[in-house]
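The structure under discussion appears below in the form of structure tokens.
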Amino acid sequence: MSVTSESESSRDVFVQSSLLAVRGLTKRFGTFAACDGIDLDIRTGEIHALLGENGAGKSTLVKMLFGVLAPTEGEILWRGEPVSIASPADARKLGIGMVFQHFSMFEALTVAENIALSMPPNISLQKVAAEAATVSKAYGLPLDPAAHVADLSVGERQRIEIVRALLQNPQLIILDEPTSVLTPQEADRLFETLERLRAEGRSVLYISHRLEEVQRICQRATVLRHGKVTGACDPRLETPASLARMMVGADVKSVRHIASSGGGAVQLAADHLSVAARTPFSVSLKDICLEVRAGEILAIAGVAGNGQSELFDALSGEFPVEANTAISIRGKPVGSLGITARRLLGGSFVPEERQGHATVPALTLADNLVLARNQSDARVFLGGGLLQIIRHMIVRVASTRISKAMDVRKSGEDPAAASLSGGNLQKFIIGRELDRQPSVLIVNQPTWGVDAGAASRIRQALVDLAKAGSAVLVISQDLDEIYEVASSIAVISDGKLSRSYPAEQITREQIGLLMGGTQSNHSAPETSHAH
Ligand code: ADP
Ligand code: MG
């Protein structure tokens, strides 16, 4: 399993040899090529990055390597020999393990039971638990075999997926965007594990669109754009800008900032908003006060799970609150009103979850547009004695306009929401709300798991909306994003919101302290301009 007694010279030879090679690999969905003639070489003992913006074809490529999708054309070589990988079982037999972007576990079962499901059926649960414990210890991936998956955090679930893959003793481990769901601390632990695997002579194919982490942990990188390889490099010798250019084809535009205005009228307000926790897993909101003015972006920073989703639910009307006056939109109390009533007043809301909440994945983009608008924007979309066909055309025109405005990359004119990559779907969702020209926009984690190009497009759209006179509230865990868009910043911690600070008057360190709950004595923190 480990390679400890290699001499330096023989290890060099070892590192050079090709483990997996891909030649001209192509996957078409209909006429659309998600992967288009891809060449890739993964050597023994390297952490190889597969970089590319959302929709580049990364997941499609690795699904072919793991036998989940059949290639349309091309060849896969394993240790120099052509192989056909028709199923995940074939891939595992060769020595390929995979940790998927979306986990595949049964919530009601325990950790050990979930792991046992991927093992041969004749192995006892005790044996599975014991082996899992050994692997977990060896690789610094702590887990509790008896815990129920439903009770675990995303980071813990990912550890189980990794342990499950390692139990097969793979030579190549593929991880599809593993850190998009992890805290920085969890990500650091993952990197240590990957480094250990590499030191043993295994190879890792690491999919990411985060340039810093690729530069930090990977020795080689292959960059995809629109299904084609646009570069192969040693990421450590590149700059973030040169990598981003390979990914998106042009320099990523930096967002044009807005200054804190303080000018316009208050469009959105929360006045001593308190909401009791609805479930044992949710956070109660405690006496929250905020104001967002026309022309302003208030960003709310905080570590996930401190009341962000509860605040979004209350402000959007997803869960109306008892005190009607605790929330107002354009001066009208709306606390006990539902979403449609708030939308009719000029509110637009973008929840965190793209698939299932912001959209119905199985429906097309145009149908999702109708669904989002059929009550609040009825006159435009379903109204007044127009023929069905004309309405249908209006919807198509709007859907096309939105896709154009936000540069949504999709296969075909009106594909199902589920077929879009995360970043492209998010651009469509944000565009759908911007297209209504809302007076108030509330968006939760606008660029969660979205690549640099799409994120920059989305942030610029938010800034432009505020410049045009709307009030924008952004809830985000990403401090870079917050500094890019915010005119004011507040911090949520344990369901309490700090006062808001002009963005240029609060540093990252101060935000960090507020996040940790060093809370809000309602005096300004020491200010500096050190961010
Ligand atoms: P990435 O992982 O790099 O974000 P994907 O490999 O998921 O990208 O997707 C690449 C492209 O292929 C996207 O435009 C996506 O919409 C399209 N695509 C992926 N799966 C399917 C599918 N089953 N049917 C049609 N199009 C698909
Ligand atoms: Mg993907």
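Computed from a prediction, not measured in an experiment: that's the story for all the values here. All ligand and atom numbering here is 1-based and tracks the order in the structure.
- Polar contact check, Thr60 against ligand 1: a nitrogen or oxygen pair lies under 3.5 Å apart.
- When each atom of ligand 1 is checked for a heavy atom of Phe32 under 4.0 Å away, the hits are 11 (C), 12 (O), 14 (O), 17 (C).
- We find the CG-CZ distance between Asp407 and Arg457 to be 7.5 Å, quoted to the nearest 0.5 Å.
- Using a cut-off of 2.8 Å, one finds that Thr60 contributes no N/O/S atom close to the Mg ion (ligand 2).
- Shortest non-hydrogen contact noted between Ala150 and Arg157 is O-NH2, 3.5 Å.
- In summary, the atoms of ligand 1 found under 4.0 Å from a heavy atom of Ala34, numbered by their order in the structure, are 11 (C), 12 (O).
- Every atom of ligand 1 with a heavy atom of Ser59 under 4.0 Å away is listed here by number and element: 1 (P), 2 (O), 6 (O), 7 (O).
- A donor-acceptor contact closer than 3.5 angstrom links the side chains of Glu481 and Ser476.
- Ligand 1 does not have Gly52 within reach: every non-hydrogen atom of the residue lies 4.0 Å or more from it.
- Counting all heavy atoms, side chain and backbone alike, Ile38 lies closest to Val22 at O-CG1, 3.1 Å.
- Ile115 and Ala132 make their closest contact through CD1-CB, 3.9 Å (heavy atoms, listed as atom of the first residue, atom of the second, distance).
- In terms of polar-atom proximity, Lys58 is counted as a contact of ligand 1, with an N or O under 3.5 Å from an N or O of the ligand.
- Atom numbering of ligand 1 starts at 1 in the shown order; those under 4.0 Å from a heavy atom of Leu420 are 16 (O).
- With salt bridges taken as basic N to acidic carboxylate O contacts below 4.0 Å, none links Asp90 and Arg92.
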